[in-house]
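For this chain, numbers begin at 1 and follow the sequence in order. Computed from a predicted model, the values in this text were never measured in an experiment.
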Amino acid sequence: MENKRRVLIDMSDYHAAARAYWRTAVMAGLVITAWAVGRVALMDHSAQLTVAGLTLLALVASLKPTQVPGTQVVITPGDVFVFLAAVIQGPAAATFVAVAEASFVSYRNSRRWTSRLGGPALMAVAISVSACLFDLSQSWLRDRGALGNATFLAAVLAFSAVYFLLNSMLLAAHQSLKRRTPFLSHWKANYSWASLTYLASAATAGLVHLAMQQIGIGALLAAAPLIAVSYTTFHLYFKRAEERLEAGERIHLIVNNTSDVIFAFDLDGWITYVNPAIETISGYSATEMANQRFLSIVHPGDRARLSDVWQKLIGGQRCAEGEFRLETKDRRPKWCSGSWGPIHDERGRQIGVQGHLSDITEQKTLQAQLFHSQKMEAIGRLAGGVAHDFNNLLTAIIGYSEISLADLKKGSPAYDRVEQVLRAGERAQSLTRQLLAFSRRQILLPAVLDLNTVVDNVNKLLRRLIGEDTELIVIFSPGLWLVKADPGQIEQVIVNLAVNARDAMPNGGKLVIQTANVRIPESGDPAHPGLKPGDYVMFSVTDSGSGMDAATASRIFEPFFTTKEMGKGTGLGLSTVYGIVKQSGGEITVKTEVGNGAAFKIYLPRVESETNELSHDESGSPANPGTETILVVEDDEILLDLVTYVLTNSGYNALQAPNGTEALSQCERYEGAIHLMITDLVMPRLSGRELADRVASIRPEMKVLFMSGYTDDVLGSNGFSLAGKPFLQKPFTPEQLSTKVREVLDYVGHTRTAGGRSQ
């Protein structure tokens, strides 16, 4: 909020004409007040006591001024004593009493010195002029012998009417100039009916004076019609005013208890009303927001846009829902949604702007989380697709490189060049595996695990990785529940997080790994908003490093995003962690601040079963040459030739089929035994799974080895599971191919794996 320097008289919201008027009125009021004080000082002792008594009575009567509902008019019984002072002691006494009463009321009800000085000054001008006119009229009537009871009361009422007109016109002119609105709109809205209060006060003062002069009952009779009219008018008006007040109080209760912020502004942009909800949203109270500009709490980045909206609003346009940021009292940005429109008076002229705000910070946060999730999913799909295409290419690059190296003389230039190609292919292979991990499309081999055991297994490795200047603290939770995940992948998660923490502590520090059981009730847990109800096993990796700001933390799981120097990081470490955790059915959170380190927490669902499924994807002993017949089914021609070449070189009789239809035809017409079929899982027209199902009836004794560069979610999208089935993940080396083929051929446990069945 803008800080304003406290000054004795704040006129920052006055334009030049209003300032000139105000200064002129105040100076005139001060001069007249000085004149009145001087005249009272020259009065005799009894007159001074009378003036003092009337002043005291006026102050007592003004202790509880009444604000008339729907107006700016303040009614006090002190006006009776102002008129009495004019009737008994003349214009100077009336001015003295009026200024004393007005100063008393203004000082108690206004915080602005412009009001504390301006109100009494304008009243001094109005009462002195009208009282002088009354004094002159009394002298003129008395000289002509026409000052009877009724004439006297009529003169007092005329005096009150003149006083009302001058006072209300001066105040209306003040507001009209300040707000640059028509004079009559202020006078009619706030003062036109209030002459009745002046008339009633004058009639009362006149009756009191006549009674003091012992005129008799005639004075009461002379004023009776006026009193009856005044009473009837007051009764009707205040009855309607009370009805309006009750309706206003109901609206006031609604407005004060709504969670939305309700604003009203004048055409200069100053806040004229704001409900208490502003404190919940901004931290500022309604009192603190009074006499401030709304743009002062708008976030600097949105002020220009809101200024354009304001120009439309003061031009009479309505503005639909618009989102922008407020800056709270503690300087935090908070998102709000606003709707605005003009305020018109009874003549249809715009006199201000109204609007309401809703706090949408939580909604924006959820939208950002959804957008982030969708972005990560889109990046993951792209990474998975690219990785699959690379897998086929890398299988050929790595395979032919190894075959070429076997035919070349070690140390020759050609050997060295091919070796470099092989190393580049192996690095690319590692990169595709990381992409698949991030995209949650790698093949996992889950097992039931005790995370305490997994952490303990990598403990020694971590101590070598993080260095001696980093203190490693491992806290095991006793009675830890079991989870189902790929143990190798979970170890990779721990290592990646530890290495990332080490890089954040170049001068050493503290690394804490901790495990714990976490139970999320059905009602949810505010501390873990992203977790569904259920039981989880949590392990956290916390460092005392440099930490991250919010912008960096929001992107750390994106692939290839890194804050490290060029050449010191691929940007795939944390994205790999993210993919492994998500693919394992878990959640990962990070809490970090600049200078206060980072805490990564991984939550994996609890499992009850302790039974592990057997896996046949283990590397066996070095492959022995074979003589069996093997049918190779692969739609990639380069890869088909490579696999056939490797198998033929290993002594096998290798048959080729570029697609499932051709493979099915060969199984039908080949006269000899086919011991093994190696088939790609994803092929056009006839997939590897469908092919295995079709040939099961033709060659029930034939074993099947599946291979794929595709991923777990693609393979599992049609209900197919690799659990318990021989599988070779692309890219693979010739040695891995030979070893896997030999393992499947020699394994007695499964003679059929097609169609998801085992025998």
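Judged as a ring-ring contact (aromatic ring centres under 6.0 Å, His included), and not counting sequence neighbours, F96 has no contacts. With sequence neighbours left out, R39 forms a side chain to side chain donor-acceptor pair (under 3.5 Å) with no residue at all. For S139, there are no side chain to side chain donor-acceptor pair (under 3.5 Å) partners two or more places apart in sequence or in a different chain. The ring-ring contact (aromatic ring centres under 6.0 Å, His included) check on F152 picks up H209, with sequence neighbours excluded. With sequence neighbours excluded, no residue forms a side chain to side chain donor-acceptor pair (under 3.5 Å) with Q354. Annotation: ring-ring contact (aromatic ring centres under 6.0 Å, His included) contacts of W335 (sequence neighbours excluded): none. Partners of A599 under the side chain to side chain contact (heavy atoms under 4.5 Å, CB included) rule, at least two apart in sequence or in another chain, are T542. With sequence neighbours excluded, the residues forming a side chain to side chain contact (heavy atoms under 4.5 Å, CB included) with A47 are M43, D44, Q89, listed by chain and number. F324 is linked by a ring-ring contact (aromatic ring centres under 6.0 Å, His included) to nothing, counting only residues two or more places apart in sequence or in another chain. By the side chain to side chain donor-acceptor pair (under 3.5 Å) test, D135 pairs with no residue at all, sequence neighbours left out. Listed by chain and residue number, E288 satisfy the salt bridge (charged side-chain N to carboxylate O under 4.0 Å, His left out) test with K329 (two or more places apart in sequence, or in another chain).
Here the straight-line distance linking atom CG of L166 with atom CZ of F164 works out to 10.5 Å at 0.5 Å rounding. Rounded to the nearest 0.5 angstrom, M123 CE and I32 CD1 are separated by 13.0 Å. In this structure, OG in S282 is found 11.0 Å from CD in E327, a value given to the nearest 0.5 Å. Here the CD1 atom belonging to I278 is positioned 6.5 Å from the CG atom belonging to L357, to the nearest 0.5 angstrom.
Judged purely by atom type and a 3.5 angstrom limit, T95 has no side-chain atom pairing as donor or acceptor with the backbone of A36. Checked by atom type and distance alone, the side chain of E593 never pairs as donor or acceptor with a backbone atom of A550 at under 3.5 Å. Of the possible polar contacts, none joining the S285 side chain to the E279 backbone as a donor-acceptor pair under 3.5 Å is found. Judged by distance alone, the side chain of D266 and the main-chain N or O of D268 form a donor-acceptor pair under 3.5 Å. Put simply, the side chain of D330 never gets that close to the backbone of G283: no donor and acceptor are under 3.5 Å apart.
With ring centers used as reference points, F263 lies 6.0 Å or more from Y273.
Residue pairs meeting the ring pair (Phe, Tyr, Trp, His ring centres under 6.0 Å) criterion with at least one member in residues 41-63, sequence neighbours excluded, do not occur.
Using cut-offs of 30° and 60° for the angle between ring planes, the Y163 and F83 rings count as perpendicular.
A salt bridge links R305 to D302: one of the charged nitrogens lies within less than 4.0 Å of a carboxylate oxygen.
Surrounding CD of Q363 are more than 12 heavy atoms belonging to other residues, nucleotides or ligands, all under 6.0 Å away.
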